[in-house]
Amino acid sequence: MIFCHCAVVGDKEVAGAIEAGARTVAQVCKATGAGQKCGSCIFSVRRVVCQHGAVPAPAMEVDVAAG
């Protein structure tokens with residue numbers, strides 16, 4: 001399912017970034033391009049990160065990923 005329409009990133013791309021070593025929301029966003037423009041997908045990215053057992057992002061990190 002696509003949840004970052006700005007960069008056309010979905011759950012499969014986020015899961016792939018996590019499998020490749022990304023452990024935080026910011027790392028996933030950097031690897032996939034998600035959350036770099038409008039930031040409305042950050043909570044969906046975080047949900048997938050948490051589902052895969054990676055480290056959830058502190059609030060400050062979300063600002064950096066979306067900024």
Side-chain angles (χ1 to χ4, degrees):
M1 170 176 55
I2 300 292
F3 46 73
C4 177
H5 295 282
C6 298
V8 191
V9 175
D11 53 345
K12 292 179 184 176
E13 290 80 13
V14 172
I18 294 167
E19 290 172 13
R23 292 291 173 254
T24 65
V25 172
Q27 290 173 348
V28 169
C29 289
K30 186 174 181 179
T32 63
Q36 302 297 311
K37 294 191 180 190
C38 78
S40 66
C41 64
I42 291 297
F43 296 105
S44 296
V45 172
R46 181 184 168 130
R47 178 180 43 81
V48 176
V49 168
C50 290
Q51 287 174 346
H52 282 81
V55 178
M60 184 178 195
E61 182 182 29
V62 172
D63 292 338
V64 172

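Positions are given from 1 along the sequence. Side-chain atoms are counted along with the backbone in the values below, which use heavy atoms only and exclude waters and symmetry mates.
Arg47 CZ to His52 NE2: the interatomic distance, rounded to the nearest 0.5 Å, is 10.5 Å. Atoms OG and NE2, on Ser40 and His5 in that order, are 7.5 Å from each other to the nearest 0.5 Å. Within the model, atoms CD1 of Ile2 and SG of Cys41 stand 10.5 Å from one another, a figure rounded to the nearest 0.5 Å.
Looking at Gln27, its side chain does come within 3.5 Å of a backbone N or O of Thr24 through a donor-acceptor pair.
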Indicate every side-chain donor-acceptor pair of residues 10-18 with a distance under 3.5 Å to a residue at least two apart or in another chain.
from: Asp11; atom 1: OD1; to: Met1; atom 2: N; distance (Å): 2.7
from: Glu13; atom 1: OE1; to: Gly10; atom 2: N; distance (Å): 2.7

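Taking 4.5 Å as the limit, every side-chain heavy atom of Val9 sits out of range of all side-chain heavy atoms of Cys29.
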